[in-house]
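Here is the structure we will look at, set down as structure tokens.
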Amino acid sequence: MTGIAFLASLLRTGRLHGIGIGSTFGEVDRAIHHRFADVIGEGGRSVHRDYGFVEFCFGPGDEWAVSGWSLELHRLASGHDTAKEWARITGVEFPRHSAWPDVRDELARVPGAPELTVTDQGGFLEYRAAASEVSVIVVDDEEEQRGYHAGHGDVWSVSLRARSRTR
């Protein structure tokens, strides 16, 4: 699958390789077979699991569960090794730069595509799909040129930070 099609799917479903709000450590471990670092939050009330350019946040409850995730796509611009490794593990092939117009065009072809609201974030635009609670942050600084970092119109990150959703 292409990274662009994958991003469009995330916007519609809010699920990253089947992982969404409420998924457990075990479910994440079964879905993502890659090295990671766990960082325990202050007071032990959260765990942040970092896989490089994909990150999951966990909160306590009856069982520790995903409270959000993010894809830090801007990290791919500095080198293609991370993208190649992720493609080997997941079958999703990301380019070094993911242009928002390409994602938006792909999303328009997805059945049940969500409506997006746009918010100016000062140098970035946030496109949010309320139905899936997924946000896409896009570089909105016309002086930013592609290179070893994301340029104008490129996706910086995609994230899910839900407060009210359950599994």
Side-chain angles (χ1 to χ4, degrees), residues 1-34 36 41 45-77 82-83 86-87 89-95 97-140 150 153-167:
M1 171 183 274
T2 69
I4 300 300
F6 184 73
L7 296 176
S9 173
L10 291 177
L11 277 160
R12 189 182 68 73
T13 67
R15 300 192 71 78
L16 192 156
H17 298 296
I19 302 163
I21 299 302
S23 294
T24 64
F25 276 119
E27 290 167 325
V28 172
D29 290 343
R30 285 187 293 279
I32 310 290
H33 303 279
H34 191 55
F36 59 85
R45 287 182 269 190
S46 66
V47 174
H48 178 87
R49 181 168 282 183
D50 189 341
Y51 288 89
F53 93 106
V54 177
E55 303 172 3
F56 294 95
C57 296
F58 294 83
D62 293 338
E63 187 172 1
W64 285 88
V66 171
S67 59
W69 52 254
S70 65
L71 271 84
E72 301 298 329
L73 291 167
H74 61 94
R75 293 180 184 169
L76 299 179
T82 302
W86 200 254
I89 293 165
T90 66
V92 178
E93 296 182 18
F94 282 98
H97 302 93
S98 296
W100 172 244
D102 294 343
V103 176
R104 188 183 55 226
D105 291 348
E106 182 69 26
L107 184 61
R109 291 189 283 275
V110 172
E115 286 189 35
L116 303 174
T117 57
V118 182
T119 306
D120 188 332
Q121 300 288 339
F124 296 91
L125 294 174
E126 176 186 17
Y127 293 85
R128 183 159 175 84
S132 64
E133 300 189 81
V134 173
S135 291
V136 178
I137 303 297
V138 177
V139 178
D140 190 40
D154 286 335
V155 176
W156 182 264
S157 65
V158 180
S159 63
L160 171 66
R161 297 282 184 262
R163 292 163 202 82
S164 59
R165 259 175 64 177
T166 58
R167 257 175 126 183

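Among all heavy-atom pairs drawn from S132 and L160, the shortest one is O-CD1, 3.3 Å.
A 4.5 Å side-chain heavy-atom check between P111 and R12 finds every atom pair outside the cut-off. Side-chain contact check for T90 versus H17: some heavy-atom pair is nearer than 4.5 Å. In this structure the side chain of P114 reaches within 4.5 angstrom of the side chain of L107, judged on heavy atoms. Residues F6 and L71 are in side-chain contact: their nearest non-hydrogen atoms beyond the backbone lie under 4.5 Å apart. Between F25 and V47, some side-chain heavy-atom pair lies under the 4.5 Å cut-off.
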Full working for side chain to side chain contact (heavy atoms under 4.5 Å, CB included) between V158 and L16:
CA-CA 10 Å; V158 180; L16 192 156; over 6 Å; no
Going through the checks in order, is the side chain to side chain contact (heavy atoms under 4.5 Å, CB included) test met by I4 and S98?
CA-CA 7 Å; I4 300 300; S98 296; 4.0 Å; yes
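Of the possible polar contacts, none joining the R128 side chain to the L116 backbone as a donor-acceptor pair under 3.5 Å is found. Panel note: side chain R15, backbone L10; no donor-acceptor pair is recorded below 3.5 Å.
Under a cutoff of 6.0 Å and an axis angle of 45°, R49 and F36 form a cation-pi pair.
Ring centroid separation for the pair F94 and W86 does not come in under the 6.0 Å cut-off.
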